[in-house]
**Student:** 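Sharing a structure with you now.
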Amino acid sequence: MKEKKDGRHEQALTVFGCQWGDEGKGKLVDWLADSYDVVVRFQGGHNAGHTLVVDGKTVKLNVLPSGVVRKDCVNVVGNGVVVDPFALVEEMGRLEDLGYGLDSERLRLSERAHMILPVHVELDCARELQAEKGKIGTTGRGIGPAYEDKVGRRGFRLGDLRDIGGMRADVRMRSLLWHHNALRVSLGLAEVGEDFILEGLAGISELLLPYVGDVSRELGAWRSGGKSVLFEGAQGAMLDMDYGTYPYVTSSNTLPGQVATGSGLFMEGYVLGVAKAYTTRVGSGPMVSDLSGTGEGIMLRDRGEEYGTVTGRERRCGWFDLVQMRHVCQLGGVDGLALTKLDVLDGFDEIYVCEAYEHGGERFYEMPLDVRVQEVAKPVWRKFSGWKGKSHVGVRRREDVASEALSYVSYLEEALEVSIEFLSVGASRDATIVMKDLTF
Ligand code: IMP
């Protein structure tokens, strides 16, 4: 097991996004991975875009865990993840070009992880194109259709790459083709056959199979051997299938409750939620504190460079939403928070927090369940003085944080009843301020 730093070190740590994704989890995981032996992705797919800045180099990850840039970290893609084998090979190639080549000791892929195939990508894009109203604004990576086939018991998994001939004859092939062809015809796409499903898999299987195995068993053995494990969430809690802003969500459970089923390992430990010091969302769906198109919204977008890493889409920006965050801290069993991109607020005279929602003469301090209410509810703002003129670029110690920023942080801690353990003030590893004595 890696050496513990001073203070507390849990054998398991879960890091997950508390908003609508893009909270800066990748940077935090890369930083924390220094004291963990294994990093595990347990849901989502290459719809995620985790950006790390290591030694001045920018590394963009999609499906690979953010421990891949650390030579002594084992990285695991769990069964809860959906994997596009072609995109994965490309991502591994990009990493190799940057000097972070992987071998089968450092990367393990669950044989139970379902594959995203070209039929899924085509279906995702065709459905989005067709939807006039109710468009989800997906990343177009085939995530939803792949999870649908998993639940529909007609999906193929990475382990199936061991016998591609067997896939052709498998009962799932017939049911997959029935299902997709019916949908394809109704969406104006050409029908496909077995060859389309299997195309290119033989070449890819040779590259991927050395990494594929029963990772839940491997994880169990590592846990028994005292190894420490960091579970890395993707997307954000508000995109969770069950507890997010359904139907404007992703197709997996993004909350820490998913860790055990998505990895095959149950381990209690510390839950670190990651939230931006303001709010962003990409894609459709309610976001009560949305300020898109206003001066403040544009300033948050520009200062925060809020454009999607996967699709390049502009993110919707607004102030921090306490109603949404209270909901997530409770659902996620959050032990502590990391507040990211605090430096983006440096340029504001005044800062606001959405304290409650208002609709139909009623005030909501708890998240209203009905998405239609969330869509029309208005934010109730609380104003804070900003710290314009005081920059947090280069700040590394709590003592150097502007007093107004500390008041803002203390207010959030009290309102959420959760301790803010880390502040992030930049993309690089070291742009992280440890607020308490908690270190991992
Ligand atoms: P899907 O996951 O591609 O099906 O997209 C469903 C919704 O989740 C859309 O609103 C996407 O914009 C959003 N989404 C998916 N992955 C991410 C992410 O990593 N960051 C932010 N939003 C995401």
Side-chain angles (χ1 to χ4, degrees), residues 14-23 25-26 29 39-50 61-66 75-85 87-88 91 109-117 120-121 123-124 127-128 136-158 215-216 230-266 271 273-274 281-285 308-311 327-328 331-333 371:
T14 298
V15 178
F16 81 109
C18 292
Q19 294 158 322
W20 278 277
D22 312 312
E23 296 91 352
K25 299 174 289 293
V29 171
V39 180
V40 185
R41 276 277 310 262
F42 56 90
Q43 49 71 227
H46 67 315
N47 47 349
H50 294 164
L61 300 172
N62 296 120
V63 74
L64 290 171
S66 299
N75 292 272
V76 173
V77 174
N79 59 280
V81 177
V82 281
V83 177
D84 179 327
L88 172 58
E91 189 175 337
L109 307 172
S110 170
E111 60 186 36
R112 295 183 176 88
H114 277 249
M115 284 194 279
I116 303 176
L117 297 171
H120 298 124
V121 181
L123 181 57
D124 194 0
R127 278 203 300 226
E128 284 286 288
I136 306 291
T138 72
T139 57
R141 299 269 163 124
I143 306 292
Y147 277 118
E148 287 164 33
D149 284 347
K150 172 180 179 172
V151 178
R153 292 158 293 193
R154 55 181 171 264
F156 285 109
R157 317 199 279 189
L158 284 177
V215 300
S216 66
L230 195 167
F231 297 97
E232 176 181 22
Q235 289 83 49
M238 297 308 293
L239 291 170
D240 182 275
M241 265 302 269
D242 291 280
Y243 291 99
T245 46
Y246 189 87
Y248 303 101
V249 291
T250 190
S251 298
S252 64
N253 286 108
T254 56
L255 283 160
Q258 170 65 17
V259 164
T261 40
S263 67
L265 181 72
F266 180 77
V271 176
V274 185
R281 173 166 202 171
V282 60
S284 322
T309 26
V310 173
T311 57
H327 171 69
V328 170
L331 285 170
V371 163

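Just so you know, residue 1 is the first one in the sequence shown, and it goes up from there.
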**Student:** Can you tell me how far apart CG (L88) and CG (N62) are? Round to the nearest 0.5 Å.
**Tutor:**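 Between L88 CG and N62 CG, I get 10.0 Å after rounding to 0.5 Å.
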
**Student:** Testing the basics here: between S66 and G26, what is the closest heavy-atom pair and its distance to 0.1 Å?
**Tutor:**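 So the two residues come closest at OG-CA, 3.6 Å.
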
**Student:** Check step by step if salt bridge (Lys or Arg N to Asp or Glu O under 4.0 Å) holds for R127 and E148.
**Tutor:** CA-CA 14 Å; R127 278 203 300 226; E148 287 164 33; 2.8 Å; yes

**Student:** Strictly distance-based, threshold 3.5 Å: is any side-chain N or O of Y147 a donor or acceptor partner for the main-chain N or O of G44?
**Tutor:**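 Yes.
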
**Student:** Is any side-chain heavy atom of R41 less than 4.5 Å from a side-chain heavy atom of S263?
**Tutor:**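 Answer no - side chains too far apart.
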
**Student:** How many angstroms lie between CE in M241 and OG in S251, if you round to the nearest 0.5 Å?
**Tutor:**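 Spacing of CE (M241) from OG (S251) equals 5.5 Å.
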
**Student:** Rounded at 0.5 Å granularity, tell me how far OG in S252 sits from CG in L239.
**Tutor:**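 Going from the OG atom of S252 to the CG atom of L239 covers 9.0 Å.
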
**Student:** Tell me, with the steps shown, if D240 and Y246 meet side-chain contact (heavy atoms from CB on, under 4.5 Å).
**Tutor:** CA-CA 8 Å; D240 182 275; Y246 189 87; over 6 Å; no

**Student:** Please determine whether the number of non-hydrogen atoms from other residues, nucleotides or ligands lying under 6.0 Å from atom OH of Y243 exceeds 12.
**Tutor:**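 No, the 6.0 Å shell around OH holds no more than 12 heavy atoms from other groups.
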
**Student:** Please find the pair of heavy atoms, one from V310 and one from A48, that lie closest to each other, and give the distance.
**Tutor:**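 It is CG2-O, 3.4 Å.
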
**Student:** Would you say that P256 contacts T14 through its side chain, given a criterion of any heavy-atom pair below 4.5 Å between the two side chains?
**Tutor:**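 SC-SC contact between P256 and T14 confirmed.
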
**Student:** My understanding is that only residues two or more places apart in sequence, or in another chain, count here; which of them pass salt bridge (charged side-chain N to carboxylate O under 4.0 Å, His left out) with E128?
**Tutor:**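 With neighbours one apart ignored, the set is empty.
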
**Student:** Check step by step if side-chain contact (heavy atoms from CB on, under 4.5 Å) holds for F16 and V274.
**Tutor:** CA-CA 6 Å; F16 81 109; V274 185; over 6 Å; no

**Student:** As an exercise, state the distance from NZ of K25 to SG of C18, rounded to the nearest 0.5 Å.
**Tutor:**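 Nearest 0.5 Å value for the NZ-SG distance: 9.0 Å.
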
**Student:** How would you list, by chain and number, every residue that makes a side-chain contact (heavy atoms from CB on, under 4.5 Å) with Q258, sequence neighbours excluded?
**Tutor:**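 Once residues adjacent in sequence are excluded, the partners of Q258 under the side-chain contact (heavy atoms from CB on, under 4.5 Å) criterion are F42, Q43, N253, T261.
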
**Student:** If you round to the nearest 0.5 Å, how far is CG of L158 from OG of S110?
**Tutor:**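 One finds 7.5 Å between OG of S110 and CG of L158.
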
**Student:** Quick one: list whatever passes side-chain contact (heavy atoms from CB on, under 4.5 Å) with A87, sequence neighbours left out.
**Tutor:**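 Expected list: H46, D84.
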
**Student:** Any side-chain to backbone donor/acceptor pair from N79 onto A113? Under 3.5 Å, distance only.
**Tutor:**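 Pair absent, no side-chain N/O of N79 close to backbone of A113.
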
**Student:** Roughly how far, to the nearest 0.5 Å, is CG of D124 from OG1 of T138?
**Tutor:**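 Interatomic distance, T138 OG1 to D124 CG, rounded to 0.5 Å: 3.5 Å.
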
**Student:** Taking Q19 for the side chain and R281 for the main chain, is one N or O donor matched with an acceptor at less than 3.5 Å?
**Tutor:**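 No, Q19 side chain to R281 backbone: no donor-acceptor pair under 3.5 Å.
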
**Student:** Applying side-chain contact (heavy atoms from CB on, under 4.5 Å) to V77 and V83, what does each step give before you reach the verdict?
**Tutor:** CA-CA 9 Å; V77 174; V83 177; 3.9 Å; yes

**Student:** Under the side-chain contact (heavy atoms from CB on, under 4.5 Å) test, which residues partner D149, sequence neighbours left out?
**Tutor:**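 Only H120, R154, L176, H179, H180 meet the side-chain contact (heavy atoms from CB on, under 4.5 Å) criterion with D149.
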
**Student:** Is there a donor-acceptor contact under 3.5 Å from the side chain of T254 to the main chain of G236?
**Tutor:**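 Yes; at least one donor-acceptor contact below 3.5 Å.
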
**Student:** State which residues pass side-chain contact (heavy atoms from CB on, under 4.5 Å) with N47; sequence neighbours excluded, sorted by chain then number.
**Tutor:**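 Testing N47 for side-chain contact (heavy atoms from CB on, under 4.5 Å), a comparison that skips the adjacent residues, returns T139, I143, Q235, T250.
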
**Student:** Taking the side chain as C-beta and beyond, is there a heavy-atom pair between H50 and V29 under 4.5 Å?
**Tutor:**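 No, too far: nothing below the 4.5 Å cut-off.
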
**Student:** Taking V15's backbone N and O only, do any of them form a donor-acceptor pair with E232's side chain (distance below 3.5 Å, no angle check)?
**Tutor:**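 Such a contact is absent between E232 side chain and V15 backbone.
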
**Student:** Report yes if the side chains of I116 and V121 come closer than 4.5 Å at any heavy-atom pair, otherwise no.
**Tutor:**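 With C-beta onward as the side chain, the pair touches.
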
**Student:** Can you name the salt bridge (charged side-chain N to carboxylate O under 4.0 Å, His left out) partners of R157, sequence neighbours left out?
**Tutor:**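 R157 satisfies salt bridge (charged side-chain N to carboxylate O under 4.0 Å, His left out) with no other residue.
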
**Student:** Would you sort out whether V63 and V81 count as a side-chain contact (heavy atoms from CB on, under 4.5 Å), showing the intermediate values?
**Tutor:** CA-CA 8 Å; V63 74; V81 177; 3.6 Å; yes

**Student:** Any side-chain heavy atom of V39 within less than 4.5 Å of one from V76?
**Tutor:**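 No, their side chains stay 4.5 Å or more apart.
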
